[in-house]
**Student:** 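Quick one: the structure is below, questions incoming.
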Amino acid sequence: MATDIRVALAGNPNCGKTTLFNRITGQNGYVGNWPGVTVEKKEARLSSDKNVVVTDLPGIYSLSPYSPEEQVSRDYLMSGEPDVVVNVVDATNLERNLYLTLQVVETGLPVVIALNMADLVEKSGDKIDAGKLSQRLGAPVVMISALKGSGVDELLRTARQEAAKAGSVPAHRFDSAIEGVLDDIEKLVPAGVEEGKRRYYAVKLFERDELAAKAISLSPASAAKVEALVAQCEKDCDDDAESIITGERYALIAHIMDECVKKAPAKMSTSEKIDRIVTNRILGLPIFLAVMFGVYYLAISTFGTAGTDWVNDNLFGEGWELFGAAMPSVPDVVTGWLEAAGASAMVTSLVVDGVVAGVGAVLGFIPQMVVLFILLSFLEDCGYMARVAFVMDRVFRRFGLSGKSFIPMLVSTGCGVPGVLATKTIENEKDRRMTVMTTTFIPCGAKLPIIALLMGALVGTSDATWIAPLFYFLGVVAVIVSGIMLKKTKLFAGRPTPFVMELPSYHFPSIRSWALHVWERVSAYIKKAFTIIFASTVVVWFLSNFGTAGWEGGSGAFGFLPDMEGVPEEFTDYSVLAMLGGAIAWIFAPLGFDSWQATAMSVTGLVAKENVVATAASLLHIADAGETDPSLWAAFAGMFSTMGGIMAFGAFNLLCAPCFAAMGTIRAQMNSAKWTAIALGYECGFAWVVGLMINQFYLLAQGVVSVWTVVAVAFAALILFQVFRPMPKGAWDDEPAAAAATA
Amino acid sequence: MPLSMAKAGDTVRVVRVRGGEELKRHLSNLGFVEGSEVHVVNQALGNIIVMVKGSRLGIDSKTAMRVMVA
């Protein structure tokens, strides 16, 4: 077997590395049109040749070791592992991208430059002379389109040829004055460092890069000589060493651009025109609100519901018609099979009332899920999300968070797990922790069924277009209120980090990646339905069907309740689940949902949010077996005594600690048991308080007053106080301390 | 003047970047070096969108105040 060839993909954030990676390896990694989607390096083998291992590195602007992404990328490149580096360059943004290219070429590794989005450049009328560019940079240049796949074969062929070479010596040179100093420094680089890497270390030593000095174990004597050379040069140029090199690189790039690129006459681009509108200081925020309202309206109230209603009513309800022929519903079919197989009543109940009802209820939401993810994927891929972060930065900055914190929240609209992961791009540790804590307040896809269920229960139809977006904005408000409150505590005080973010050009997503994105999310949802939700419904079925015959005239024995003598219609009230739920139902009594069913739904919701609906369906099916009206909505509403209770139930379940998967991600991200406990505790506590206030104020409006009314008022006053009191003195002055803590 | 005071449609040149070492380094890596041409795309309450070295950046007002332009 031939030895593996290792190819590293390096480039600026959002230049299309992951799109290329997905294309050549057949992987389905997460891509989005904003900077910082990939935060850790990923590895996979080429689909066309299993001997080639490709590593997708996080996007970076520079090879300095000052951000975690830069460190990951630099360490890997300098580890000696990669045989060839493919530097992916966004050709529509050549000037800034070449800044990294110069540094990659300086490493002395074999490099191939992939000019991505070459087709877009041609469209704009600009002309790039690839041959000349290759000559100036001392590395082969290949024009590709990662999205469409053109040029990719040639790129791989070239990469393979380059990988066979030992390395390269960078061709580009800076201003002669600087070069003289670099030559002198290069002589001080220890003899053990190979020829091609000497210049790289010379430049790094000039920049006073301590990690690089350590890597080549520079002797103290040489280090002192280097320092003298650098200090003299700084004096001559009247600038610090790092700025000198940065300036030199950009000056060189300006020359290269002049020689290799013919620019079409500049005109206002479409992106610029769109930006004038969507980031407008008056219209920006309303446009964003309208967009999110539209997403939820379309997903829940129109196409999505039509599909879901059909699935629930026909597939899982009363049967359906295919070309005029009556088709039986799934539960009927399954019951038929079981009867034919001679299954006992107990098994039939488990399968039909427990699993089919529970899993079916979750599967019923697939049409809404598809619509939601189609819309969200479009928003993520087209480039609008980065603008939203920019617009929201103004809002967030008022209470001390950067707009960067908004990106995880947008991702969380799909799923909380990647949402929590996306917090990695937030440099400030306090801000990052706070964002991890609050980002799952935003309703994710799995909470959509809860919202739909609540909507049906509250209003009875899907006409109530305002409810679904309302819960989304409840999430946003929860984030903002929490942000304001937490920022005034010692744990999170600190100045907001600067917001400097690249805004990519708008583009229409490729149908392939769009479809893949939607399929990935929907298939994960389906997989969950058949694994976690399936297991949970089985547990719920057992717990709600077995119990002690404690009713009047009952034997007091433990067993399968429906088979017992003299069993009452509401037998589930005597089940183990009723007992367990009832034991902790007091927690939720002030919130207006003290029934053991609602408690059980909330608890199973902590495993996975889909469980709320699955458990409801299972419980209702078991209780209502034989009844003709299968409407989940009406039966669900029947579990509560007031509207306030339903709304409080909704608020609690949307805001409390997320599912197991997201909790695990929070644990991994916080990397501390204490902080994980703080995060989950805050989420549950906040959810409980919000639920309490909703229910008690609803009751108050009805004229019902109790001790809990006072508690609710007290909490509301406390929140208002914390939100509106001025920032404690000195809270924002500890920036250096915070920065030190991060480092 | 600080970049935060530039108007939409203006094209200006970077004179100097003030501020902490980390911010300065980040901005210069992105192309805010002495003499760089900066085109202002949009400006709203001090937050600003600019084109620099061929790429589009969104910058908050505090940071934009640290970039001196002429």
Side-chain angles (χ1 to χ4, degrees), chain A residues 12 60-62 64 66-67 70 90 92-100 239-240 242-243 246-251 253-254 257 266 268-269 271-272 275-282 284 386-387 389-391 393-394 397 402-403 427 495-505 735-736 739, chain B:
Chain A
N12 277 189
I60 47 172
Y61 292 112
S62 170
S64 54
Y66 300 106
S67 78
E70 285 174 357
D90 175 357
T92 64
N93 196 346
L94 192 58
E95 198 172 357
R96 222 274 322 290
N97 275 248
L98 284 180
Y99 181 74
L100 178 70
D239 208 345
D240 63 283
E242 245 182 300
S243 305
T246 311
E248 284 298 320
R249 287 206 178 103
Y250 271 116
I253 291 166
M257 290 293 288
M268 196 159 156
S269 67
S271 285
E272 197 163 325
D275 277 345
R276 285 257 165 110
I277 301 165
V278 300
T279 63
N280 182 286
R281 65 174 160 157
I282 298 161
R387 272 73 182 184
F390 176 77
V391 169
D393 180 71
R394 290 207 309 270
R397 198 156 290 277
S402 144
E427 297 95 352
R495 223 170 258 289
T497 41
F499 180 85
V500 181
M501 191 179 196
E502 191 169 359
L503 306 177
S505 292
E735 200 180 22
Chain B
M1 68 169 179
L3 180 60
S4 54
M5 286 168 67
K7 290 189 181 58
D10 284 359
T11 299
V12 292
R13 273 180 190 280
V14 176
V15 177
R16 206 160 68 88
V17 181
R18 298 183 298 127
E21 202 184 335
E22 206 173 315
L23 180 67
K24 244 173 93 173
R25 181 183 299 126
H26 189 47
L27 287 174
S28 65
N29 281 339
L30 289 169
F32 286 94
V33 289
E34 201 184 306
S36 286
E37 212 168 75
V38 179
H39 174 69
V40 182
V41 176
N42 203 359
Q43 200 259 42
L45 304 174
N47 277 19
I48 195 164
I49 298 179
V50 298
M51 297 287 293
V52 61
K53 299 289 177 195
S55 63
R56 192 181 301 101
L57 297 172
I59 301 174
D60 73 87
S61 54
K62 273 244 171 69
T63 309
M65 270 192 288
R66 304 234 155 115
V67 179
M68 303 305 288
V69 295

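Labels below follow one simple rule: chain letters A, B, ... track the order of the sequence lines, proteins then strands, and each chain is numbered from 1.
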**Student:** Of all heavy-atom pairs between A:Asp240 and B:Lys24, which one has the smallest distance, and what is that distance?
**Tutor:**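 Minimum heavy-atom contact is OD1-NZ, 4.3 Å.
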**Student:** Can you measure from CD (A:Glu95) to CD (B:Glu37) and round to the nearest 0.5 angstrom?
**Tutor:** 9.0 Å
**Student:** Tell me, side chain or backbone of B:Arg25 under 4.5 Å from chain A's heavy atoms, or both, or neither?
**Tutor:**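 For B:Arg25, the side chain is the part near chain A, not the backbone.
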**Student:** What's the shortest heavy-atom distance between B:Ser28 and A:Thr246, and which atoms?
**Tutor:**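 So the minimum-distance heavy-atom pair works out to O-CG2, 3.4 Å.
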**Student:** For the residue pair A:Glu502 and B:Leu57, what are the closest heavy atoms and their distance?
**Tutor:**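 Taking A:Glu502 first and B:Leu57 second, the nearest heavy atoms are CA-CD2, 3.6 Å.
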**Student:** Are there more than 12 heavy atoms of other residues, nucleotides or ligands under 6.0 Å from atom CE of A:Met257?
**Tutor:** yes
**Student:** Against chain B, label A:Asn12 side chain, backbone, both or neither, depending on which of its atoms sit under 4.5 Å from a heavy atom there.
**Tutor:**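 Neither part.
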**Student:** Please round to the nearest 0.5 Å and tell me the distance separating atom CZ of B:Arg56 and atom OG1 of A:Thr92.
**Tutor:** 8.5 Å
**Student:** Counting heavy-atom pairs under 4.5 Å with chain B, which one of A:Ser271, A:Ala389, A:Ala251, A:Gly403 comes out on top?
**Tutor:**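 Of A:Ser271, A:Ala389, A:Ala251, A:Gly403, A:Ser271 has the most heavy-atom pairs under 4.5 Å with chain B.
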**Student:** Given that the side chain runs from C-beta out, which part of B:Thr63 has a heavy atom under 4.5 Å from chain A: side chain, backbone, both or neither?
**Tutor:** side chain
**Student:** What part of B:Leu30 lies closer than 4.5 angstrom to a heavy atom of chain A: side chain, backbone, both or neither?
**Tutor:**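 Contact with chain A is through both the backbone and side chain of B:Leu30.
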**Student:** Evaluate the side chain to side chain contact (heavy atoms under 4.5 Å, CB included) criterion for residues A:Phe499 and B:Ile59: first the C-alpha distance (whole Å), next the side-chain angles of each, then the deciding distance (0.1 Å), finally the verdict.
**Tutor:** CA-CA 6 Å; A:Phe499 180 85; B:Ile59 301 174; over 6 Å; no
**Student:** Could you give me the CA-CA distance, side-chain angles and deciding distance for B:Lys53 and A:Tyr99, then say whether side chain to side chain contact (heavy atoms under 4.5 Å, CB included) is met?
**Tutor:** CA-CA 10 Å; B:Lys53 299 289 177 195; A:Tyr99 181 74; over 6 Å; no
**Student:** So which atom in B:Ser55 and which in A:Arg96 form the shortest heavy-atom distance, rounded to 0.1 Å?
**Tutor:**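 It is OG-NH1, 2.8 Å.
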**Student:** Has A:Asp275 got a side-chain atom pairing as donor or acceptor with B:Asn42's backbone, closer than 3.5 angstrom?
**Tutor:** no
**Student:** Identify which part of B:Ile49 has an atom lying under 4.5 Å from any heavy atom of chain A, answering side chain, backbone, both or neither.
**Tutor:** both
**Student:** Examine distances only and state if a side-chain atom of A:Tyr61 and a backbone atom of B:Leu27 form a donor-acceptor pair shorter than 3.5 Å.
**Tutor:** no
**Student:** Looking at every heavy atom in both B:Asn29 and A:Ser62, which two are closest together, and how far apart are they?
**Tutor:** ND2-CB, 3.4 Å
**Student:** So, for A:Pro498 and B:Leu23, which heavy atoms are closest and what is the spacing to 0.1 Å?
**Tutor:**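 Of all heavy-atom pairs spanning A:Pro498 and B:Leu23, the closest is CG-CD1, 3.8 Å.
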**Student:** For the candidates A:Asp393, A:Leu100, A:Leu98, A:Asn97, which exhibits the highest count of non-hydrogen atom pairs separated by less than 4.5 Å from chain B?
**Tutor:** A:Asp393
**Student:** Which one, B:Val52, B:Asn47, B:Val17, leads in non-hydrogen pairs under 4.5 Å with chain A?
**Tutor:**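 The answer is B:Asn47.
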**Student:** How many angstroms lie between atom OG of A:Ser243 and atom CZ of B:Arg16, to the nearest 0.5 angstrom?
**Tutor:**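 That separation rounds to 11.5 Å.
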